[in-house]
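Residue numbers start at 1 and run along the sequence shown. Just so you know, ligand 1 is whichever comes first in the structure, and atom 1 is the first atom listed for that ligand.
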Amino acid sequence: MDNQYFKWQKISSIPISALQHYIYCPRQFALIHIEEIYEENVFTIQGNIVHKRVDNEKNYYNKDKKVENSLPLWSEKHGLYGVADTVEFEDDEIIPVEFKSGKKKNKLADDIQLAAQAICLEEMFSKEITFGYIYYDKSRKRREVVLDEKLRKKLDNTISFVRDLLIKRNTPKPVNDQRCNNCSLKDYCLPDLASRIEIYLKELK
Ligand code: SF4
């Protein structure tokens with residue numbers, strides 16, 4: 001077997017949160033998961049408060065429905081691990097529910113995170129999962145996410161890209177766009193440094 005296979009094995013377990021960071025910005029993923037830099041800002045703190053609240057919720061059981069909070073997840077097949085905020089077991093369905101701060105919105109990073117949780121649950125319980133929900137704390141609304149082929153393909157691609165970056169240990173260039181305004185790593189990343197240097201060099205001429 002080639003060297004690449006052994007490298008793949010060495011980093012075979014990827015935290016589900018890494019996929020979400022990669023979708024938001026590949027450089028943010030690399031700063032956190034390769035360079036091990038992490039910093040909080042108002043958005044990460046709001047997210048932590050929502051997750052803490054879910055962590056403190058008691059599990060719930062009755063004869064028709066079971067709700068598990070903070071359920072550990074893993075997939076040997078896909079090399080993933082993480083924690084589901086909430087998983088509902090009802091009418092022979094398994095439904096992952098991810099909690100987010102803020103208002104209801106479509107966001108690919110959240111859908112990928114939910115899909116990754118779903119494929120872990122499928123392996124753990126040997127059961128197909130067809131949908132899940134993202135719950136938005138501020139608007140108190142759920143958004144249904146259908147786990148169709150298109151989303152599963154995007155998830156597979158994301159896992160491959162993330163694994164590849166972890167093997168190569170490359171930190172991509174900054175995106176330097178509106179994503180940087182909400183990013184807690186802005187002060188470490190210096191996303192506009194290259195353009196500032198360019199302007200400075202032009203002024204010297
Ligand atoms: S500041 Fe911008 S480029 Fe840098 S990690 Fe954050 S989102 Fe990515």
Task: Between Q113 and K100, a side-chain donor and acceptor under 3.5 Å - done: yes
Task: N/O donor-acceptor pair under 3.5 Å between K66 side chain and V87 backbone - done: no
Task: Face-on cation placement of R142 at Y133 ring, 6.0 Å and 45° thresholds - done: yes
Open item on the list: Only heavy atoms of Q28, strictly under 4.0 Å: list the atoms of ligand 1 that pass.
Closed with: 5 (S)
- [ ] Look at atom 3 (S) of ligand 1 and say which protein heavy atom is nearest, naming residue and atom and giving the distance to 0.1 Å.
- [x] V175 N, 3.2 Å
- [ ] Determine whether the aromatic ring centres of F89 and F125 lie less than 6.0 Å apart.
- [x] yes
Task: Taking atom 8 (Fe) of ligand 1 as the reference point, the nearest protein heavy atom with its distance - done: C25 SG, 2.3 Å
- [ ] Specify the protein heavy atom at minimum distance from atom 6 (Fe) of ligand 1: its residue, its atom name, and the distance to 0.1 Å.
- [x] C183 SG, 2.4 Å
Task: Closest approach of any protein heavy atom to atom 2 (Fe) of ligand 1, naming residue and atom - done: C180 SG, 2.3 Å
Task: atom 4 (Fe) of ligand 1 [closest protein heavy-atom partner, distance rounded to 0.1 Å] - done: C189 SG, 2.3 Å
Open item on the list: Keeping Y24 on the side-chain end and R179 on the backbone end, is there a donor-acceptor pair under 3.5 Å?
Closed with: yes
TODO: Check ligand 1 against P174 and write out every atom of the ligand that is under 4.0 Å from a heavy-atom position of the residue.
DONE: 3 (S)
Open item on the list: Give me the atom names and distance for the closest heavy-atom approach of K173 to R27.
Closed with: C-CD, 3.7 Å
